[in-house]
2 protein chains.
Amino acid sequence: MKQISIRQVQDLKQHDCEKEIQEVNLRVTPARVATLKLFESHDKPVDVLHLTDHLQKDLGIDRVTVFRIINSFVEKGLLKKLEFQEGKARYELNKGEHHHLICQNCGKIEDVKDTVIPDFEKKIAKKYKFLVKSHSLEFYGFCNDCQK
Amino acid sequence: MKQISIRQVQDLKQHDCEKEIQEVNLRVTPARVATLKLFESHDKPVDVLHLTDHLQKDLGIDRVTVFRIINSFVEKGLLKKLEFQEGKARYELNKGEHHHLICQNCGKIEDVKDTVIPDFEKKIAKKYKFLVKSHSLEFYGFCNDCQK
DNA sequence: AATTATACGCAACTAAGTTGCATTTGTCAA
DNA sequence: TTGACAAATGCAACTTAGTTGCGTATAATT
């Protein structure tokens with residue numbers, strides 16, 4: 001069986017990111033590819049400070065640019081903006097409908113698959129004549145470890 | 001049938017607010033009563049700027065004090081903190097479980113009664129061993145008027 | 001390789017929210 | 001009712017998230 005090297009995996013990733021950016025009609029720039037790559041290698045919602053930490057220090061990408069890139073990614077539907085009552089936004093790749101469990105003690109964020117919202121949305125559309133475009137659902141409390 | 005005057009209604013309200021504040025072990029101060037009254041006379045979630053507008057101009061209550069009062073009210077469970085992806089918080093009286101429909105065009109906020117979350121929370125508690133303390137659910141889209 | 005719209009970096013700004021500290025005020029007990 | 005003390009307020013200064021304007025650089029297109 002033919003193996004592919006780490007190098008090749010990274011190239012694939014690089015190529016995927018470039019393609020994704022191109023597909024939403026944004027120019028493929030090093031800053032954008034690096035940002036999207038960061039999200040691909042992160043499965044939890046991150047805030048901008050966390051992103052700039054790496055992007056600015058290691059790649060010299062400006063804070064402002066990171067904000068602008070993220071806004072364009074959100075606008076194009078690549079990212080989803082989240083707010084966990086922290087006074088700042090978090091972002092995650094916009095794939096797979098799910099919600100979040102946020103531990104108020106240790107800050108751990110867990111994903112929960114959605115089982116109820118699509119039905120609820122239909123009811124809302126009918127009853128309130130409201131056209132739902134997106135939603136956000138978060139649960140705050142204590143994770144298994146922090147209940148002790 | 002005996003009528004009560006506007007004056008008496010306001011006194012009742014004043015008294016209710018004072019009682020509520022006392023009951024959560026906070027000192028009854030003019031600033032706190034005025035803040036709580038503002039919430040009682042407002043059925044939609046408001047941001048701090050909106051509050052200070054009245055409290056500062058008409059009653060000379062400082063911006064900082066408003067922030068501090070609100071934080072203490074949230075801590076004591078009188079208010080619920082909300083975030084509608086605006087880069088600032090909103091607050092509402094913490095009574096009656098409900099969610100929000102937020103119109104992305106005109107900004108109108110509508111309340112939706114909860115029908116699905118309590119059940120969902122039970123499932124989460126069981127499956128993820130997560131102790132849910134609170135949650136937030138918002139729907140973004142277009143209200144009836146703005147769909148045209 | 002030249003053109004051009006778009007993206008980037010830098011500096012400055014805005015707006016939300018917080019902190020420290022001196023003064024005032026609500027509460028409670030004498 | 002008054003005096004004492006903890007708690008609340010006002011003011012100034014600060015922090016942090018996010019934005020804007022503008023000159024320069026660069027990706028896409030011919």
Side-chain angles (χ1 to χ4, degrees), chain A residues 14-15 17-38 45-76 78-91, chain B residues 14-15 17-38 45-76 78-91:
Chain A
Q14 171 93 18
H15 182 256
C17 288
E18 289 177 6
K19 222 175 85 184
E20 268 191 277
I21 293 168
Q22 206 171 40
E23 273 167 3
V24 295
N25 294 313
L26 289 174
R27 289 192 177 172
V28 179
T29 68
R32 281 179 180 155
V33 175
T35 305
L36 192 51
K37 259 170 143 177
L38 250 189
V46 292
D47 58 67
V48 178
L49 184 65
H50 188 102
L51 290 170
T52 49
D53 195 48
H54 171 237
L55 293 171
Q56 188 152 37
K57 206 185 299 167
D58 300 352
L59 303 168
I61 299 168
D62 195 81
R63 222 174 63 83
V64 175
T65 302
V66 179
F67 274 109
R68 284 199 265 233
I69 287 174
I70 283 171
N71 284 341
S72 65
F73 282 2
V74 171
E75 208 175 307
K76 297 293 187 177
L78 257 41
L79 295 180
K80 191 167 159 51
K81 184 179 182 176
L82 304 169
E83 289 197 302
F84 294 167
Q85 312 215 339
E86 307 167 296
K88 67 182 168 187
R90 284 178 183 254
Y91 302 86
Chain B
Q14 171 94 16
H15 182 255
C17 287
E18 289 176 6
K19 224 176 84 183
E20 269 192 276
I21 294 167
Q22 206 171 40
E23 273 167 3
V24 297
N25 295 313
L26 289 175
R27 288 191 178 174
V28 179
T29 68
R32 280 180 180 156
V33 175
T35 305
L36 192 50
K37 260 169 141 177
L38 251 189
V46 292
D47 57 67
V48 178
L49 185 64
H50 187 103
L51 291 170
T52 48
D53 195 46
H54 170 237
L55 294 171
Q56 188 152 39
K57 208 185 299 166
D58 302 351
L59 303 168
I61 299 168
D62 195 83
R63 223 174 62 84
V64 175
T65 302
V66 180
F67 274 109
R68 284 198 266 232
I69 287 174
I70 282 171
N71 285 340
S72 65
F73 283 2
V74 171
E75 208 175 307
K76 296 294 187 175
L78 257 39
L79 295 179
K80 191 167 157 54
K81 183 179 183 178
L82 305 168
E83 290 197 302
F84 294 167
Q85 312 214 341
E86 308 167 295
K88 67 183 168 188
R90 285 178 182 254
Y91 301 86

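Order of the sequence lines sets the chain letters (A, B, ...), proteins ahead of strands, with each chain counted from 1. Treat the numbers as computed from the prediction; the structure is a model and nothing was measured. All values below were derived from every heavy atom in this structure, side-chain atoms included, with hydrogens, water molecules and symmetry-related copies excluded.
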Taken to the nearest 0.5 Å, the spacing of B:Ile61 CD1 from B:Arg68 CZ works out to 13.0 Å
Of the candidates D:dT9, C:dG17, C:dT27, the side chain of B:Val28 sits closest to C:dT27
CD1 of A:Ile70 to CZ of A:Arg90, rounded to nearest 0.5 Å, is 12.5 Å
| request: Answer with base, sugar-phosphate or nothing: what part of the nucleic acid does A:Arg63 contact at a heavy-atom distance below 4.0 Å? | output: base
Item to complete: Output yes when a side-chain donor or acceptor of A:Glu20 lies under 3.5 Å from a complementary backbone atom of A:Leu78, and no otherwise.
Response: no
Is there a donor-acceptor contact under 3.5 Å from the side chain of B:Arg63 to the main chain of B:Thr52?
-> no
B:Glu86 CD to C:dG17 P, in whole Å, measures 10 Å
From the candidates D:dT20, D:dT9, D:dG18, the one with an atom nearest any side-chain atom of B:Thr65 is D:dT9
From CG of B:Leu49 across to P of C:dT14 the rounded distance in Å is 15 Å
Out of D:dG10, D:dT9, C:dA16, minimum distance to the side chain of B:Ile61 belongs to D:dG10
Separation of C:dC8 atom C1' from A:Ile21 atom CD1, nearest Å, is 15 Å
note: B:Gln85, atom CD; D:dA17, atom P; distance rounded to Å ~ 17 Å
B:Arg27 has its side chain closest, among D:dA8, C:dC8, C:dG9, to D:dA8
**Message:** Given the structure, check if the side chain of B:Arg68 and the base of D:dG10 hold any donor-acceptor pair shorter than 3.5 Å.
**Reply:** yes
Quick note, A:Val64 side chain, CB onward, closest among C:dA11, C:dT18, C:dT25 is C:dA11
| Does B:Thr29 make a side-chain N or O approach to OP1 or OP2 of D:dA7 shorter than 4.0 Å? | no
query = Quick one: is A:Asn71 getting a side-chain N or O under 4.0 Å of the D:dT19 phosphate, OP1 or OP2?
reply = yes
To the nearest angstrom, the CD-C1' distance between A:Gln22 and D:dA27 comes to 11 Å
Side-chain atoms of A:Phe67 come closest, of D:dT20, D:dA8, D:dT19, to D:dT19
B:Gln56 CD to D:dC11 P, in whole Å, measures 9 Å
Separation of C:dA7 atom P from A:Leu26 atom CG, nearest Å, is 6 Å
Walking DNA chain D from its 5' end, the first of B:Pro30 and B:Gly87 to be reached, judged by nearest nucleotide, is B:Pro30
Scan A:Asp47 against the nucleic acid and name what it touches under 4.0 Å (heavy atoms): base, sugar-phosphate only, or nothing. nothing
Less than 4.5 Å apart, side chain to side chain, heavy atoms only: is that true for A:Tyr91 and A:Val48? yes
Here the distance between atom P of C:dT18 and atom CG of B:Asp62, to the nearest Å, is 14 Å
